[in-house]
Each structure stands twice: as structure tokens, then as C-alpha cells.
Engineer: 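Okay, here's the structure, questions in a sec.
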There are 2 protein chains.
Amino acid sequence: MEELLPVIDYISRYVDLTDDEKKHLATFLKITRVKKRQFIVQPGFVCKHKSYVVKGAFRGYLIDKQGKEHTLSFAIEDWWISDYSSLIYQEPATLFVEALEDSVLIQIEYENMQRFLEEIPKLEKFERIITQRALAFQQKRLLANFTSTAEERYDEFMSKYTAIAKRVPQYALASYLGFSKEYLSKIRNGKTSKS
Amino acid sequence: MEELLPVIDYISRYVDLTDDEKKHLATFLKITRVKKRQFIVQPGFVCKHKSYVVKGAFRGYLIDKQGKEHTLSFAIEDWWISDYSSLIYQEPATLFVEALEDSVLIQIEYENMQRFLEEIPKLEKFERIITQRALAFQQKRLLANFTSTAEERYDEFMSKYTAIAKRVPQYALASYLGFSKEYLSKIRNGKTSKS
DNA sequence: AAATAAAAATGAACTAGTTTAGGAAATAGG
DNA sequence: CCTATTTCCTAAACTAGTTCATTTTTATTT
């Protein structure tokens, strides 16, 4: 239970849970430790969990036909990550989700998620809210890609997600922002460095 | 009530509602008729409704700094449309949502949505499910843009959303698929026409 | 049915960002 | 502390898709 507190506190930000409900919820959760470079989701395999990051960093990406990587999401402490469409439809994933550091997760298995939504209907509200936020986040990201140039997107990301920018490799950042690592390098060197 | 049946049936696909609940739900809904070229959402104004299309066609798009249009979504009969992030955070919209034909909508006002989620908690599940689907849809769209070429995306869309493709102008389709109308025209004429 | 406006097609010049291939610098592991 | 691997930088050639200006076709209005 001790170790599961972070995620229970997280959920409690959105719905009020009694102590009993918290205990019940805890039975649906499990701690997972992964090493750097380890995958928690891989294309072709059904994504079985929703994962909350207690410690560490992850990125979700896919590889296109030409072998190019496209990063779709990052997650550090207090974020969630998974292949969403694989998880909800229980169909083979398209994404890799890879640990960028040695990390600790709290995971909820798909079947358990269905069970706890039935047994603790309050949690429907939690799921609804975080899904709405994820959707709004995605929409905003999409819009940013339309309205801004490569350089603006870079600046925006650096100021908004400083913590993430510091922890992920540049090739991952470039492939998140939608351009090549070479071009990221060009942007960086175009700036008047303060170091 | 009669006129509101389509959306009540839609919701009933996801959650079982008693007749009383259906009647209660109906009090939260309203019919809106709009003419071609009319906007139901505009940048700068808070998006107040979630809209279900009974009849007609819509597109959601934004205009970037260079004046270029980017279409984010289409909606025809039995689809929902709105500026999602504006709606859930009740902040000014970034999108235009425009009627492509004379149309009929069933709308749910934001405040009413909050009320009915509290008064009929069953509907949390409905909201959760359709939000999850919207998110999965968005993710798939994003992935398709990475893994396919302009031409493949065009083919994919034509076969998957034939009904929509027939009803929306080509400039709208091009700006949805992520290239210029001139390029769409080029793709079309590159194909061996069957007409 | 004519007049007007909107949408679609064409082709040539253009450009943002990619690709490729090299080497330098930094990190991690033993 | 030394070696290997990963990450980062540079520069030139390249290309998918854009832009612009003009024409043809298709809708819409009177």
C-alpha cells in the first residue's frame, strides 16, 4: 500500500475516495521496475496496462516505413503513459514505449480497469476527466504544429516543458517536435547561447 | 422530444437509460438549425456546446499566421463536433466550426452537461467512452500522417470515409489530409479515372 | 438562362526541411 | 582511467510538397 500512495493521491485529486475504496483500489494496482532501454509497450503486442510514472522517464514513439522515428509522447514523474488506442480496443499496439532511464511505474491492468470501473463507479469520473484532458492536450499539440514554425515549437517546448527537455536525448526531442535532429542542432546553434 | 430521439438513441447505445432518465436528459438538449457557411464555433469565443449532427455537414478548422487553413475534423449525420479543448476548459476557441450545408443539430450546453453528469451519473460512462474513442481516433489519425505518404493518406480516407469525401469541398479535404489543394488535384489526376 | 461567384485544375519556379556521411564530443561501463 | 558506444554537430546535395498566376469547370443567385 505504502508504495502505491502516489497514484492513489493522484486519483484523489479528481474524485473523493473513502479509505475503504482506496484499499479496494490498491488491490488493482501493481508496482513495476524497468531498466533503461527496456520496452513496456511494443508494436504487435496488445498493450495491457495503463502506467503511472513514479520515478524515471519514458517516451512513446513509432517507426515509419522508412525507418524514421516519430515521438508521440514523453512521460516523467506524475505522468501517465501507454498506447491509448491499443489499450482501449485491446488490439495490437503501433507504438514503442521505452524507458529512457531506470524507472518505477504503478500499473493498472486492462481487465482490472474494467472491473474497478464497475465496482467503484466514482472512478468513471476520474477516467472521463483525464481522458478529456489527454484529448485537449493532443488537440493543442496538433494546433501548435500548424500555427508555429519549427523554431517556435522548439522555444515553446523548452519553456513549457523544461524538466522534460533536460532529460530526454535530442534525437527524441527532435522527433517529438517534428523535424530532424540535424535541424534541431541548427536551431540550437542559431540561438545566442547563454552558457 | 420526438426530434431529440436521434441523440437519445445514440447515447442509449452506450448506457441503458430508463424512460424517466430519457425524459430528464431531453430537458438538457436543444435543436438548432444553421444555414450553409454559418459558424457554430469561432476563435476568440468560448465554445458553449457539444453538437450532434442530425442532418448536414460541418468542418472544424483553424487559420494559421500565414492565413492557411488546416481542417481538423469533419462531421456528418450521427457524428459529434465542437472545439474540444475550448469546451472542456471553457476558454476561447481556436477553431472555426462551419456548416458546409444547411444543417440540423442537437446541442448540449456546457453547464447542462455538468448538471446532467451529476444528476444522471450513468452518463459519466457515456462521456468516458466517447472521449476515449475520440482520443483513439486522433491518435490513429496522427499515426497515419507519419506512416503514410500524401497519396496513401488520400486513398485511405477515400475508402474509409467515402460518404464524407463526397460531401466536402476538395480544398477542405486537402487541408484535412495535410497538403495543398493543388497537390490533391495532382494526385487525383495521377489516378486512372474510372468515370 | 445569364451573370456571378466559388471551386478545381495546370504548370513552372521555389523552399523548408531531409538525407547522407563524416567527424567531434560526451557518457557509460568495465 | 581507458575504451566503446551513444549523442551531437556540420555542410552540401536533394526532394516532397508549396506558391503563384492563370484557366477551366462547377455551383449559386437573379
Side-chain angles (χ1 to χ4, degrees), chain A residues 35-38 56-57 59 61 63-71 74 96 98-103 144-155 157-158 164-193 195, chain B residues 35-38 56-57 59 61 63-71 74 96 98-103 144-155 157-158 164-193 195:
Chain A
K35 285 265 167 211
K36 181 168 176 174
R37 255 173 279 269
Q38 199 175 320
R59 76 171 173 128
Y61 65 98
I63 299 185
D64 67 22
K65 282 174 200 153
Q66 294 88 53
K68 242 178 76 181
E69 292 183 2
H70 301 271
T71 300
F74 291 115
F96 292 92
E98 183 192 15
L100 298 169
E101 310 171 359
D102 293 357
S103 305
N145 281 5
F146 289 140
T147 47
S148 343
T149 64
E151 201 160 345
E152 286 167 344
R153 270 177 279 148
Y154 168 77
D155 289 342
F157 190 90
M158 290 307 283
I164 292 179
K166 278 177 190 154
R167 275 168 82 174
V168 305
Q170 292 200 34
Y171 67 83
L173 183 53
S175 80
Y176 178 88
L177 293 172
F179 43 74
S180 65
K181 58 189 181 0
E182 288 83 356
Y183 195 68
L184 173 57
S185 167
K186 201 172 285 182
I187 290 173
R188 287 216 154 151
N189 288 67
K191 307 253 163 224
T192 33
S193 159
S195 69
Chain B
K35 285 264 165 212
K36 181 169 176 175
R37 256 174 279 268
Q38 199 176 320
R59 76 171 174 129
Y61 65 98
I63 297 185
D64 68 21
K65 283 174 199 153
Q66 294 88 54
K68 242 178 73 181
E69 292 183 1
H70 302 270
T71 300
F74 291 114
F96 292 93
E98 184 192 14
L100 297 169
E101 310 170 359
D102 294 357
S103 306
N145 280 4
F146 289 140
T147 46
S148 341
T149 65
E151 204 159 343
E152 287 166 343
R153 269 176 280 148
Y154 168 78
D155 289 342
F157 189 90
M158 290 308 282
I164 292 179
K166 277 178 190 155
R167 275 169 80 174
V168 305
Q170 292 201 35
Y171 67 82
L173 183 54
S175 80
Y176 178 89
L177 293 172
F179 44 74
S180 66
K181 60 189 183 350
E182 287 85 354
Y183 196 67
L184 173 56
S185 168
K186 204 171 283 180
I187 290 173
R188 286 215 153 153
N189 289 65
K191 306 252 164 227
T192 34
S193 159
S195 69

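Throughout, a chain's letter reflects where its sequence line sits, starting with A, and its residues are numbered from 1.
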Engineer: Output the rounded distance in Å from CD (Glu101(A)) to C1' (dT27(C)).
Structural biologist: 14 Å
Engineer: In terms of side-chain heavy atoms, does Thr71(B) have a donor or acceptor partner in Arg59(B) at a distance below 3.5 Å?
Structural biologist: yes
Engineer: Is the phosphate of dT28(D), meaning OP1 or OP2, less than 4.0 Å from a side-chain N or O of Lys36(B)?
Structural biologist: yes
Engineer: Is there a side-chain contact between Lys166(B) and Met158(B) (heavy atoms, below 4.5 Å)?
Structural biologist: no
Engineer: Would you call Glu151(B)-Lys186(B) a salt bridge at under 4.0 Å N-O?
Structural biologist: no
Engineer: Is the shortest side-chain N/O distance from Gln66(A) to OP1 or OP2 of dT19(C) below 4.0 Å?
Structural biologist: no
Engineer: Round to a whole Å and report the spacing from CZ of Arg167(B) to P of dA7(C).
Structural biologist: 16 Å
Engineer: Verify the contact: side-chain N or O of Gln170(A) to OP1 or OP2 of dT7(D), cut-off strictly under 4.0 Å; return yes or no.
Structural biologist: no
Engineer: Please report, rounded to the nearest Å, how far the P atom of dC8(D) is from the NZ atom of Lys166(A).
Structural biologist: 16 Å
Engineer: Which listed nucleotide (dG17(C), dT19(C), dT18(D)) is nearest to the side chain of Tyr183(B)?
Structural biologist: dT18(D)
Engineer: Closer to the 5' end of DNA chain D via nearest nucleotide, is it Lys181(B) or Arg37(B)?
Structural biologist: Lys181(B)
Engineer: Compare the minimum distances between each of dT10(D), dT18(C), dA9(C) and the side chain of Lys186(A), then state the nucleotide with the smallest one.
Structural biologist: dT18(C)
Engineer: Does the ring center of Tyr176(A) lie less than 6.0 Å from the ring center of Tyr61(A)?
Structural biologist: no
Engineer: Look up atom OH in Tyr154(B) and atom CZ in Arg188(B), then write down how far apart they are to the nearest 0.5 Å.
Structural biologist: 3.5 Å
Engineer: Roughly how many Å is it from CD1 in Ile187(B) to P in dG11(C), rounded to a whole number?
Structural biologist: 16 Å
Engineer: Quickly work out the Arg188(A) CZ to dT10(D) P distance and round it to whole Å.
Structural biologist: 12 Å
Engineer: To the nearest 10°, let me know how far the axis at one end of the helix from dA1(C)-dT30(D) to dG30(C)-dC1(D) is tilted from the axis at the other, five pairs an end.
Structural biologist: 60°
Engineer: Counting any heavy atom closer than 4.0 Å, what does Tyr171(B) reach on the DNA or RNA strands: base, sugar-phosphate only, or nothing?
Structural biologist: sugar-phosphate
Engineer: Rounded to whole angstroms, how far apart are OH on Tyr154(A) and C1' on dG17(C)?
Structural biologist: 17 Å
Engineer: Measuring from the side chain of Phe179(A) (C-beta onward, heavy atoms only), which nucleotide among dA7(C), dT18(C), dT10(C) has the closest atom?
Structural biologist: dT18(C)
Engineer: So do Glu152(A) and Thr149(A) actually touch side chain to side chain, heavy atoms under 4.5 Å?
Structural biologist: yes
Engineer: Check the distance between dA28(C)'s P and Leu100(A)'s CG and give it to me in whole angstrom.
Structural biologist: 13 Å
Engineer: Between Glu182(A) and Ala150(A), which is nearer to the 5' end of DNA chain C once each is assigned its nearest nucleotide?
Structural biologist: Ala150(A)
Engineer: Considering only heavy atoms from C-beta outward, does the side chain of Glu98(B) approach that of Lys36(B) to under 4.5 Å?
Structural biologist: no
Engineer: Roughly, in whole Å, what's the span from CD in Glu69(A) to C1' in dT19(C)?
Structural biologist: 16 Å
